[in-house]
Amino acid sequence: MIVGDEPVNSENDILGRRAIASQWATAIEQATAPRGLVFAVTGPWGSGKTSMLNMIEEDLSSKDIQVLKFNPWLFSGTDQLVSFFFGEMASQLEYGNPKQQKIASALKKYGALFSPIKIVPIVGTALSAAAEAAAAAGKFMEESQSRGIQEQKSTLADALEDLEHPVIVILDDLDRLTGQEIRDVLRMVRLTGAFPNLIYILSFDRQRVELALNEDGLPGRAYLEKIVQVMFNVPDIAPGDLHSILFAELDRIIKDLQYSRFSTNLWPDVFIEIIAPLLSTVRDVRRYVAPLRTVLSLLDNSIELTDVLALEAMRIFLPDTFSLLSSAIPGLTTPAYNTHDNPSLAEQVRAFIDSDEQHQAVLHALCMRLFPASKLRLGMNDRYGSDSAAAWLRERRVAHPDVLSFYLQLSMPASMKSAVTAELLFDHIEDEDFLTQAFNELDPPQVEQVVTTLESHQNEFSSIDPEPAIVALLNQLPRLRRPAKGFFDIGPDIVISRVVYRLLLPTEDPNQVLEIVRRALPRVVQYSSKLVLLKLIGHRKNAGHKLVGEDEWKALEEEVRSEVRSAGATDLAREWDLLRVMWWAGIEDDPHTWIIPQTHLDEPEFAKQLLGTAVTQARRQTMGSRAVDISDQLAWEPLLEVVNREEGVRRCRDAAAATVGEKSPLIQLVDKYLEGWRPPEF
């Protein structure tokens with residue numbers, strides 16, 4: 001298990017380096033150090049140097065060899081380094097055997113001599129500037145304590161020489177210090193490295209340390225080679241081993257979280273082209289894996305896992321480019337609906353890829369694999385339209401802007417919430433009661449959006465029984481009445497009709513479609529909704545899709561028409577499209593065969609609904625102006641036909657006024673028409 005960025009030991013040696021560490025430990029153990037010795041474990045950051053040191057320490061300690069650790073990060077200033085070093089070493093030895101206690105005492109005395117000194121000639125570098133007022137006193141102290149240093153140094157050397165095994169001192173992470181601190185630590189090692197039976201093991205990135213030493217005016221490599229006698233290089237990690245570690249960690253997280261939205265077709269290319277190039281060390285894997293559990297928990301199985309893993313790699317390793325992602329959303333996700341594409345979208349994509357010159361290939365692959373809409377902006381002829389966008393939303397691909405926004409903000413946009421709900425509904429698409437209850441628990445605008453999104457599942461409609469969904473959808477139409485939102489608003493009845501049509505379309509046998517419709521019609525509550533279904537399957541010019549035979553369709557219409565003619569005014573008053581239903585029941589057939597009962601016109605609720613469903617909205621826009629003028633109009637001619645001329649309209653008007661009042665907008669609009677007003681022709 002990988003936790004944080006902690007180094008490993010022999011118990012969790014996931015790279016199988018225990019044997020190498022043991023060989024290095026043996027070499028250190030068998031080394032003779034009459035005048036001290038300095039080893040180094042070198043490798044790039046994240047290559048596993050500290051883990052190797054841990055295993056070397058385990059091996060040496062198991063053989064009763066004293067191993068001391070010194071953390072150079074803890075000292076605060078060059079003037080403290082030497083004294084702090086000897087004090088720390090003494091504290092680790094003073095509870096050991098008598099020989100170690102003797103060394104500890106000598107170390108304390110030797111280190112204490114450095115504390116008040118402001119200039120140490122042996123070290124060869126100014127450690128701090130003395131104040132002018134104390135210059136003379138400082139000089140006296142330096143001369144007297146310098147003599148004491150030589151005496152204590154001899155005492156310490158004698159104590160160390162008496163040991164059976166060398167004392168091992170480990171200094172890790174030198175490469176994380178500043179350049180000046182690196183030079184100071186290595187000077188200290190050079191100063192103290194001549195003691196007998198004192199072996200240093202340093203750990204650092206060689207390139208970083210050599211660069212720091214170059215600042216002294218001498219070649220850093222030559223200077224380093226004078227200090228370090230033996231260098232061990234941490235072996236390179238085979239890509240296969242690194243990937244195995246990553247896959248094991250991902251499998252564990254995904255299994256724990258039960259994150260199931262994963263495309264095995266997408267993963268191989270995304271991993272090889274985007275994720276793998278960004279991983280070179282175990283530390284990289286740790287940095288990458290550490291936040292994944294939290295991120296995936298927050299996403300709650302709502303986004304395609306492959307997309308998340310790719311974007312997380314960019315977030316961790318290419319943070320500057322990741323910060324540009326929000327501003328590049330239009331260029332990355334906007335489908336190209338025609339041959340003309342906005343040049344600014346291509347500029348966004350190019351700026352995104354060019355933001356990191358070193359990783360352009362990775363970013364190009366990320367656009368190609370995660371954001372297909374951007375291919376057009378990268379010089380390809382691939383075009384993706386509304387159907388593709390709907391599929392991306394259904395599959396929770398970040399190629400859809402709402403899904404990408406959810407990943408970036410961890411706040412689900414309305415359309416994505418609709419996609420989640422649509423997915424749930426599709427899982428119960430053959431359960432009419434479940435669908436009805438679920439729809440009724442949503443607000444009408446939510447129902448419309450969910451139904452729109454449900455259409456994206458049309459490729460799966462062939463495997464289901466469409467009848468329950470058709471009934472549940474058509475029975476939602478009375479709840480969805482609303483004013484038009486704009487010139488291009490198709491309206492909720494068209495939204496419902498599109499899905500109903502796609503539900504029926506896979507049933508190619510007209511007789512089977514006829515049976516589905518026959519079973520569904522009795523459970524569709526309103527005649528207005530039944531009329532939508534009949535028009536959809538029928539042979540009416542520019543309206544019907546001819547899903548059943550013409551004679552059978554006419555027979556179905558006649559059955560429903562007869563039901564309308566025999567229905568009472570109270571029942572008909574609930575119709576969401578009453579004017580159309582009454583026109584269809586009489587005028588369209590033969591006005592002499594059936595005329596709407598005049599008593600219906602005197603029923604206030606019926607009259608109000610009939611006039612209300614005759615109201616339409618006209619939208620006009622003056623050339624050169626963005627302003628849209630919206631005004632109410634009446635479907636006057638159909639209304640006259642249904643109620644048998646203006647006298648019938650007046651009867652409806654008076655009956656409705658008893659319910660809504662003389663000053664209601666509906667009554668005032670009817671009065672305008674009765675007085676002869678007509679809207680200007682467009």
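Hydrogens, waters and symmetry mates are skipped; everything else that's a heavy atom, side chains included, is used.
A donor-acceptor pair is defined here as one N or O able to donate and one able to accept, closer than 3.5 Å; such a pair exists between the side chain of S302 and the backbone of D300. R561 places a side-chain N or O within 3.5 Å of a backbone atom of W584 that can act as its donor or acceptor partner. Although no hydrogens or angles enter the test, the distance criterion places no donor-acceptor pair under 3.5 Å between the side chain of E395 and the main chain of R397. Checked by atom type and distance alone, the side chain of Q526 pairs as donor or acceptor with a backbone atom of W576 at under 3.5 Å. With hydrogens and angles ignored, the 3.5 Å screen pairs no side-chain donor or acceptor of R479 with any backbone N or O of N475. Side-chain atoms of D443 never come within 3.5 Å of backbone atoms of P445 as a donor-acceptor pair (strictly under, hydrogens ignored). At least one donor-acceptor pair under 3.5 Å links the side chain of R396 to the backbone N or O of A419. The backbone N or O of V398 sits less than 3.5 Å from a side-chain atom of D307, completing a donor-acceptor pair. Using modelled atom types, one side-chain atom of Q668 and one backbone atom of K663 make a donor-acceptor pair closer than 3.5 Å. Here the side chain of H400 pairs no donor or acceptor atom with the backbone of S388 at under 3.5 angstrom.
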Full working for side-chain contact (heavy atoms from CB on, under 4.5 Å) between L531 and D577
CA-CA 10 Å; L531 180 56; D577 201 4; 5.8 Å; no
Could you walk me through whether Q458 and R394 pass side-chain contact (heavy atoms from CB on, under 4.5 Å), step by step?
CA-CA 11 Å; Q458 60 181 302; R394 185 182 71 250; over 6 Å; no
The test is side-chain hydrogen bond (donor to acceptor under 3.5 Å, both in side chains); show your working for T321 and S355 and say whether it passes.
CA-CA 6 Å; T321 301; S355 62; 2.8 Å; yes
Begin with the C-alpha distance, continue with both residues' side-chain angles, and end with the deciding distance and a verdict on side-chain hydrogen bond (donor to acceptor under 3.5 Å, both in side chains) for S260 and N301.
CA-CA 7 Å; S260 59; N301 207 41; 3.1 Å; yes
Can you list the steps and then say if E605 with Q609 is a side-chain hydrogen bond (donor to acceptor under 3.5 Å, both in side chains)?
CA-CA 6 Å; E605 291 300 325; Q609 187 67 1; over 6 Å; no
Set out, in order, the CA-CA distance, both residues' side-chain angles and the distance that settles side-chain contact (heavy atoms from CB on, under 4.5 Å) for L299 and L410, then state yes or no.
CA-CA 7 Å; L299 294 177; L410 292 178; 3.5 Å; yes
Verdict with reasoning, T507 to Q512, per side-chain hydrogen bond (donor to acceptor under 3.5 Å, both in side chains)
CA-CA 7 Å; T507 307; Q512 291 183 11; 5.2 Å; no
Carefully, step by step, assess L556 and L514 under the rule side-chain contact (heavy atoms from CB on, under 4.5 Å).
CA-CA 9 Å; L556 277 178; L514 182 63; 3.5 Å; yes
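Scanning both residues, Y407 and I303, for their nearest heavy atoms gives CB-CD1, 3.7 Å. In plain terms, the two heavy atoms of D493 and L477 that are nearest each other are CA-CD2, 3.5 Å. The heavy-atom pair separating A607 from A655 by the smallest distance is CB-CB, 3.8 Å. Here the closest heavy-atom approach between residue I274 and residue A310 is recorded as CG2-CB, 4.2 Å. Contact record, G331 with V349: O-CG2, 3.4 Å, taken as the closest heavy-atom pair. The shortest heavy-atom contact between L363 and M314 is CD2-SD, 3.9 Å.
Of the N and O atoms on the side chains of S344 and N342, at least one donor lies less than 3.5 Å from an acceptor on the other residue.
Put simply, the residue from R678, R653, E646 that forms a side chain to side chain contact (heavy atoms under 4.5 Å, CB included) with Y673 is R678. Among K554, R565, R518, the single residue meeting the salt bridge (charged side-chain N to carboxylate O under 4.0 Å, His left out) criterion with E559 is R518. Evaluated for a salt bridge (charged side-chain N to carboxylate O under 4.0 Å, His left out) with E557, the options K530, R540, K535 yield exactly one hit, R540.
If you take CG on L370 and CG on L266, they are separated by 8.0 Å, rounding to the nearest 0.5 Å. How far CZ of F439 is from OG1 of T421: 10.0 Å, rounded to the nearest 0.5 Å. Atom NZ of K608 and atom OG1 of T613 lie 11.5 Å apart (nearest 0.5 Å). S374 contributes atom OG, which lies 7.5 Å from atom CE of M368 (distance to the nearest 0.5 angstrom). For the atom pair CG of L324 and CG of L332, the computed distance is 10.5 Å after rounding to the nearest 0.5 Å. Between the CZ atom in F352 and the NE2 atom in H364 there is a gap of 12.0 Å [rounded to 0.5 Å].
Below 30°, between 30° and 60°, or above 60°: for F434 and H428 the angle between ring planes is below 30°, a parallel geometry.
When side chains are defined from C-beta on, E304 does not count as touching V403, because their heavy atoms never get closer than 4.5 Å.
Salt bridge status for E312 with R315: present, with a side-chain N to carboxylate O gap under 4.0 Å. Between E575 and R580 there is no salt bridge, since no side-chain nitrogen of the basic residue lies less than 4.0 Å from a carboxylate oxygen of the acidic one.
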